[in-house]
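Just so we're on the same page: letters track the sequence lines, and every chain starts at 1.
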Amino acid sequence: MKHIVADILNQALAGLSELTEAAADLSVAATVERTRDPAHGDFASNIAMRLAKPARKSPRDIAASIIEALSDSDQVEKVDIAGPGFINFHLSPSAFHAEMESILSEGERYGRQSPQESPKILLEFPSANPTGPLHVGHGRLAAYGATVGNLLEAVGYPVYREYYVNDAGRQMDILGVSVWLRLIGMDGIEVPFPKGAYRGDYIREIAASINTDGVDTVTADDVLSDLPADEPEGDKEAYVEALIDRARTLLGDGGFNHIRQQSLDSIRGDIEDDLAEFGVTFDRWYSEQDLTGGDAIDKALAVLEERGMLYKKDGATWFRATDFGDEKDRVVVRENGVRTYFASDIAYHFEKRERGFDQLIDILGADHHGYAPRLKAGLEAMGYKGNDLEVKLVQFVTLYRGGEKMQMSTRSGEFDTLRQLRAEIGNDAARFYYVSRSNDQHLDFDLDVAKSQSNDNPVYYIQYAHARVASVFRQLAEKALQWDQAGGRDHLGLLVEPQERALMTGLSRYPEVVELAANNRAPQHLVHYLRDLANDFHTYYNAHAFIVDDAALRDARLYLISATRTVIANGLAILGVSAPEQM
RNA sequence: GCCCCGGUAGCUCAGUCGGAUAGAGCACCAGAUUCCUAAUCUGGGGGUCAGAGGUUCGAAUCCUCUCCGGGGCGCCA
């Protein structure tokens, strides 16, 4: 609806030559916003104040001349000047009626913009390492990423969702050795379990379930002889390393890789199932092994080399990240010839861009914030723009149980999983809560509170509004009454109660909220909006009966609540939350 | 030391490109149900927007400094 005001404002401005220069680089639409106080009308523009300085006139004088130049519109009822120079627009009821009609006719498309070809967006999240089940922190990345993806699609962008699987490198060896130690433990060979290995219960479950055909049996002496000390006496990394070497020696590379690969497959399968149940799906699971196995990294390094972005120092190969604003140069090939994680990351982002995606969005945990500058530096060094990559950081989730802060560490095994969270509070509440706060805000998740207060949970409040509408229509059917939709549309003029006016205003805001939330990658705007809209509905519900004897009024009211049902359902769908017919 | 995020009601948090009297939930107090689901609604109290300067018609919002809390700064992944 905002465009109604922006359009006539633009028109008026075009006719005021004394203001064209002052308004040259001003977006008129950006000066138009919803009013907070109904007394101020439906929309207000601060354009006169913005133009006051460049035009060297008083805001109120400018406002007066703009209003003078406004052409008549049957969608605008009244325009006036208020306060320091705001121009307030009161829209006509028919403007709102037309919006209600759009909601009914567009249905689940209402609030969505038509699909466009570009920019093509590659949204990467949550890319948790496949070394254990997803924990509650990953859940936040997943919910946020999925919702941002839905929002971007709603405003018309082509979105491609990708999960980057870190399935190459040392951590996979650590995973393999962790499972192997549990495996031989089942045969009675007790090895002091490494501090640096993965010790969660899921490791034992994998050990118990994998296929050990072709894996050599070993003796305790074979495993234990001449091992270095673990922490606290020794170095935990050296200890794990020695055990990996031992496993490779005793089992052969083939035997060890057999265990390693099965462990990876098991965990990755678990993550895929977990996310699918959570309503989070991907266009591609991008394996780091594909990257390291092919020539993608060589290609990226060659590009950097060609452009003179690499140099040797202390036997290692460095990337000149400082040339692009990073705080220090970064190693891409270590002295021992092994390429760093950063090398594959930079190759991956280069490759994403090469695949034809215009805008890369990474959703990362806040502990990765140092990564943004070096990844942008990498893109720039390879000929793209740093701004082609947008990094959204999501702050930590702190889990409480019984008021006690819980430790979350995959290696220590004391984490709580996304699965547990979903089982305890349900997918809907989890999806909703995860995105109800700004990604920049730490999220305190108290399981006891989430469970004990589940009836006061805003997600139920919103779902209840949806279910209530469905219930009204069931009542209608029980009373053997019909809803005449066309008749309702023709009698929308009967909806003159303040609650009806408020609800129509709320409904008409929906497309603007979706756009705002998408542009800012800020799902919480939608969350708060839906809560407010549900409130408007419940207030209306309590103030007036819908199924009244007057058929014209009844049809009009049913038209309004039908529109409410559509908007709530559309909003919840973007959040990945169900919209029940009954509760 | 440097970098990122946060500090708004008792608690948890919204607050759009700077805009009109700073909002919501929970908690607390007082009410509403012969009537479409009370998982609801109505009303009330509750604020030095961490602090200090600055920018301007106007600052919770932008800038500078300080304080407090969380996180990050590897030839790890």
Between [X] and [N], does any side-chain N or O lie under 4.0 Å from OP1 or OP2?
| X | N | result |
| --- | --- | --- |
| A/Asn542 | B/rA32 | no |
| A/Thr539 | B/rU42 | yes |
| A/Arg170 | B/rC76 | no |
| A/Gln524 | B/rG15 | yes |
| A/Gln499 | B/rC41 | no |
| A/Arg334 | B/rA77 | yes |

Check this for me: does the side-chain of [X] come within 3.5 Å of the base of [N] through a donor and an acceptor?
| X | N | answer |
| --- | --- | --- |
| A/Tyr371 | B/rA77 | yes |
| A/Asp167 | B/rA77 | no |
| A/His369 | B/rC3 | yes |
| A/Asn46 | B/rG19 | yes |

[options]: which one has an atom nearest the side-chain heavy atoms of [X]?
| X | options | result |
| --- | --- | --- |
| A/Ala44 | B/rA20, B/rC75, B/rC36 | B/rA20 |
| A/Met49 | B/rC36, B/rC57, B/rU12 | B/rC57 |
| A/Tyr341 | B/rA77, B/rU21, B/rC36 | B/rA77 |
| A/His442 | B/rC75, B/rC36, B/rG70 | B/rG70 |
| A/Lys328 | B/rG6, B/rA77, B/rC73 | B/rC73 |

[N] [atom2] sits how many Å from [X] [atom1], rounded?
| X | N | atom1 | atom2 | result |
| --- | --- | --- | --- | --- |
| A/His466 | B/rU40 | NE2 | P | 17 Å |
| A/Arg468 | B/rU40 | CZ | P | 8 Å |
| A/Arg330 | B/rC73 | CZ | P | 10 Å |
| A/His525 | B/rG23 | NE2 | P | 18 Å |
| A/Ile462 | B/rA24 | CD1 | C1' | 12 Å |
| A/Asp61 | B/rC57 | CG | C1' | 14 Å |
| A/Gln171 | B/rA77 | CD | P | 9 Å |
| A/Asp440 | B/rA14 | CG | C1' | 14 Å |

Can A/Asp42 and A/Arg34 be counted as an ion pair, charged N to O under 4.0 angstrom?
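Judged by the 4.0 Å cut-off on N to carboxylate O distance, A/Asp42 and A/Arg34 do not form a salt bridge.
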In the strands shown, is [N] matched to any nucleotide by a Watson-Crick or G-U wobble pair with both distances under 3.5 Å, and which?
| N | value |
| --- | --- |
| B/rA24 | B/rU12 |
| B/rC73 | B/rG1 |
| B/rC57 | B/rG19 |
| B/rG6 | B/rC68 |
| B/rC35 | none |
| B/rU42 | B/rA30 |

Between A/Asp550 (side chain) and A/Ala552 (backbone), is there a donor-acceptor pair under 3.5 Å?
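It does hold such a pair.
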Donor-acceptor under 3.5 Å (A/Tyr198 side chain, A/Val179 main chain):
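No; judged by distance alone, with no hydrogens or angles, the pair does not exist.
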Distance between the P atoms of B/rA9 and B/rG15, in whole angstroms?
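Straight-line distance between the two P atoms is 15 Å.
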Looking only at atom C1', what distance separates B/rC29 and B/rG69, rounded to whole Å?
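Their C1' atoms lie roughly 34 Å apart.
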A/Tyr541 and A/Phe546: aromatic ring centres closer than 6.0 Å?
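Centroid separation for A/Tyr541 and A/Phe546: below 6.0 Å.
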Under 6.0 Å between ring centres, would you say that holds for A/Tyr144 and A/Phe125?
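Distance test on ring centres: not under 6.0 Å, no.
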Ring-face cation of A/Arg509 near A/Tyr529 (centre distance under 6.0 Å, axis angle within 45°)
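Ring-cation test returns no.
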Please confirm whether A/Arg531 makes a cation-pi placement over A/Tyr461, using NZ or CZ under 6.0 Å from the six-membered ring centre and within 45° of the ring normal.
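Yes, A/Arg531 sits over the ring of A/Tyr461.
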Could you check whether A/His368 and the base of B/rG72 form a stacked pair, meaning centres closer than 5.5 Å and planes differing by less than 30°?
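By the stated criterion, A/His368 and B/rG72 do not stack.
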Stacking of A/Phe396 on B/rG71 base (centres under 5.5 Å, planes under 30°):
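A stacking contact does not exist, since A/Phe396 is not both close and nearly parallel to the base ring of B/rG71.
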